[in-house]
Each structure stands twice: as structure tokens, then as C-alpha cells.
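Throughout, protein chains are lettered first and strands after them, A, B, ... in sequence-line order, and every chain is numbered starting at 1. Every heavy atom of this structure was used, including side-chain atoms; hydrogens, water molecules and symmetry mates were not.
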Number of protein chains: 2
Amino acid sequence: MSSKQSTKDRILDAAEALFADRGFAETSLRTITNRADVNLASVNYHFGSKKSLIQAVFNRFLQKFVTHLDKELTPIEQGLDAPSVEQVLHTLVKPLMSMDKDRHEGSSNFMKLLGRAYAESQGHMRRFMQEHYAHYLRRFTSQLHRAAPNLANNEMFWRLHFMLGTVIFTLAGSDALHEIAAADFKESVTLEQTLERLLPFLAAGFKS
Amino acid sequence: MSSKQSTKDRILDAAEALFADRGFAETSLRTITNRADVNLASVNYHFGSKKSLIQAVFNRFLQKFVTHLDKELTPIEQGLDAPSVEQVLHTLVKPLMSMDKDRHEGSSNFMKLLGRAYAESQGHMRRFMQEHYAHYLRRFTSQLHRAAPNLANNEMFWRLHFMLGTVIFTLAGSDALHEIAAADFKESVTLEQTLERLLPFLAAGFKS
DNA sequence: GTATGTTTCAAACAACTGTTTAGATTTTCG
DNA sequence: CGAAAATCTAAACAGTTGTTTGAAACATAC
């Protein structure tokens, strides 16, 4: 039922899932290759090293993300009227949702991944994204600029990163939060509902 | 110049610093005991295991934090008039600042630590804090309730955790952010300034 | 068919991990 | 003082880590 997937993809899938819920250092190549049902040595053969495998996991998943993001951003960029802050922030929702759905196993793997990457590599990940995905970041921020034209550049920078923190941190820990919420308020929420609750919070903060 | 510190404290200091900037799994007991200038076996002798050492590091630092927090919270609790949201949030600033100062080496170690703990232990840390420090969390939230009396319980819960995420995430990565800001805007900011910039953002989001 | 290049495989590698042991040293206190 | 308890130390333990190796299996093209 799965012999169609290449060894490389099987490794990437297994690694992505395991990195997300155990962490990078806590996941051994043997655990990955066992789950992927491939030989241990194939990681080094196809990717060179564990470090490169980690990078490959990230690149694959960021690539997917910006492809989705592009589709959301384009119509707003082409609109004649300036978008609202809420509209701009909303371009993130659908990419996040659709990537969450087509994960085979458990949900919000990739957000946990992002959370880990930010926490574990003290700034390295921030710089990596600003180097390799600067284009999309700029498109996003320039729409934010249209939405809030009288906000100074440096203020913009800070509030953008405040928002980034809130989103990643919340989604990375969303499983735990959903559990607590379910226990305390008998309220069971979906990822989408969490996002919809998050957006007004962000927008208000951003416009503060 | 440092023979006064007990072995236990030397280990805790070294472990705290190393955990903060490398992570838990990435820091070996040998690295810790080398920096602390103590024998390798003394970690197991004094703490039992590496896991227990990690817990000990957290308990020591959370203990200090809530002691500071208590001093800030008390006068607000005794005030006859309801505090503002900003006032309540401000109770966090001074504890964070003073703990940042009396770290000997580099700054904001403990915030990186918190960030790591949240990211690496998938919800475990969130639950730990809600079990062991529920008292202080409740005092804090009940003041928030006074400040925003017409906010439903579950909404409160979510926005509280949104704010928590923003604070921890921002401060955990503050070194990297300060660097980028310095490079891009020739603006050099202190931790205190970042906090002061963060508070209005949080307050606005909370009141959204 | 043979030859060529790619991919898989089991086994071994050296380095490092947390933990334990048993003996020396120091501290505590009657 | 001197016995008992606490602490420190070097060495070894068993297990795991990422990586390398050389031969086997496979694929592709002539």
C-alpha cells in the first residue's frame, strides 16, 4: 500500500513526524529508519548527515507553506483598495489549515516543528527564514504596511515578531491547550477555531 | 573567588546556563560538571539523575520568580479600585527585569530556558506549572478578572495563554531580535524597552 | 547478453551518553 | 580525640549515538 513512495520521501515523512513530537536531538536515526522501514545507512546515503536531514525536512515543509501563502497573498496585492489588518493576517489561516489537514498522522505536526526550531536554535531559525524566505516575508509585510500606513518601520518589525511569537507558540502547544480547555470548560475546539480566536487578538495588538 | 558556593549550587548554575543556550538533550553531564568544576559523579550523588537535575533547575528559578511576583501582586490585590489590564500585566515586568539582572553571565538565560521547556516537553511544562504554581497563576488571573470583569472564563483562558506565548517567545528569542533590529534600524534596545513595547501590544490584544 | 551506475543492506566503527562502584577524603558531633 | 556520616574522586560500566564500509541487489543502457 505504500511501496510507491521513494526511500527519500519515506525518510522525510518519518523524520518530520518524529522531530515534531520528540525533538531533534531526542530522535535517533535508528528510530527514523525503523518507522520509515528503510535501512539505517540510507539516511547518510541520501542526505549526507543528520543535520542535512533536518534542513531537508524544513525546506520541504516551508516550500509547501509559501506555495499556499502565495495563493492567498496574490489577490490582496492586486486589490486596489488597501486591505484591513485582519485580511492580511487571514492569509495565514488557510495555508496553516490545509497543511494541517494533509498530514497523515496526528495534527499540527508542522507547527510543533516550527516551535521547536525557533526554541532550539536560538535565533538561527529566525535568520534562516529571513535569508531564504525573505521574499515572502517582504510581500507579507508590505501588505501589512498598506493596511496600517502610519506605522513606523521599526514598530512594524517588533509587532510583526510579537504576532509571529503568539501564533507559533500557541499552535505549537495547541494539543496541550485543547486538552486543558476540554477538561476545564468542557469545550472542545478545533485548530480552526483556535486560529479564529487568535486573529482578533493579534489584530488588536498590532493596531494598539 | 568562588569556593564559597556549594557543589550543588555550582552544578545548578552551570546547568541553568548551559541548558538555556544549548538545550537539555544537547547538554551532557560532563559538560556541566566541567564548567562547574566538580566531579562527574556528583550530579547523580546530589540530584539522583539528569532528569531530576532539570527539575531542580526549574524549581529554583520558578521559586525566585514567584517570590518577586508576589511582591508586585500584593499591593494590587489590596487596592480597593479594580486595576487596569496594563497594571496587572506590569506586575510581570519587574520580576523579569530583576531576575535578568542578577544572572551573572549573558542576559535572559532563564527566558530561553522557559521557551525551551515549553517547546521541548510538549505540554508537560504547561501542566507542571499549572499543578505546582497554580496558586500564583490564580492570583494573577483573578486580578485580570477584576480588570476585565465582563470577559467570559474560557475567553480569559485563551487570551491569557496567547499572552503567555507572546511574552515567552519574544523574550526567549530577544537576543536574535535585538541583533536584527540593531542591524536593520540602527536601534539598540534593552530588555526593559522590549518589555515596555510588548505590554501595550498584549493589553490591546487582551481587551480585543 | 555484458557493462555501468545507482541504491540497498548488514556489520562494524569510534565516540559519547547517563549511571554505578568502591575507595579515599573530609566534615560532623558526641 | 575518634567513630560515624557525608562528600568527593577516578575508573569502569553498559548502552546508544551518527557515520563508514564493502559487498550484494537492482536498474538502465548498449
Atom pair distance, as rounded to whole Å: CD in B:Glu26 and P in C:dT17 = 11 Å
Roughly how many Å is it from CD1 in B:Ile11 to P in C:dT19, rounded to a whole number?
-> 13 Å
Interatomic distance, B:Arg30 CZ vs C:dG18 C1' [rounded to whole Å] | 7 Å
Under 4.0 angstrom, heavy atoms only, what part of the nucleic acid is A:Thr27 near: base, sugar-phosphate, or nothing?
-> sugar-phosphate
CG-CG distance between B:Leu96 and B:Leu114, expressed to the nearest 0.5 angstrom = 9.0 Å
Stretch residues 47-59 of chain B: residues that reach within less than 4.0 Å of DNA chain C through a heavy atom | B:Ser49, B:Lys50
Please work out which of the three classes, parallel, tilted or perpendicular, describes the rings of B:Phe157 and A:Phe185, given edges at 30° and 60°.
-> perpendicular
For residues B:Thr190 and B:His178, is any side-chain donor paired with an opposing acceptor at under 3.5 Å?
-> no
In whole angstroms, how far is the C1' atom of C:dC16 from the CZ atom of B:Arg22?
-> 14 Å
Could you give the CG-to-P distance, from B:Leu18 to C:dT17, as a whole number of Å?
-> 12 Å
Under 4.0 Å: is that the gap between some side-chain N or O of A:Ser28 and OP1 or OP2 of D:dT16?
-> no
Look at the side chain of B:Thr141 and the backbone N and O of B:Arg138, then say whether any donor-acceptor pair between them is shorter than 3.5 Å.
-> yes
Is there a donor-acceptor contact under 3.5 Å from the side chain of B:Thr33 to the main chain of B:Arg30?
-> yes
Within residues 36-46 of chain B: residues closer than 4.0 Å to DNA chain C (heavy atoms) = B:Leu40, B:Ala41, B:Asn44
Report yes or no: does B:Arg22 contribute a side-chain atom to a donor-acceptor pair with the main-chain N or O of B:Ala17 at less than 3.5 Å?
-> no
Scan side-chain atoms only and decide if A:His132 and A:Asn59 contain a donor-acceptor pair under the 3.5 Å cut-off.
-> no
Whole-Å gap separating C1' (D:dG18) and CZ (A:Phe24) | 17 Å
Backbone N or O of A:Phe140 within a donor-acceptor pair of the A:Gln143 side chain at under 3.5 Å?
-> no
For the side chain of B:Arg116 and the backbone of B:Phe19, is there at least one donor-acceptor N/O pair under 3.5 Å apart?
-> yes
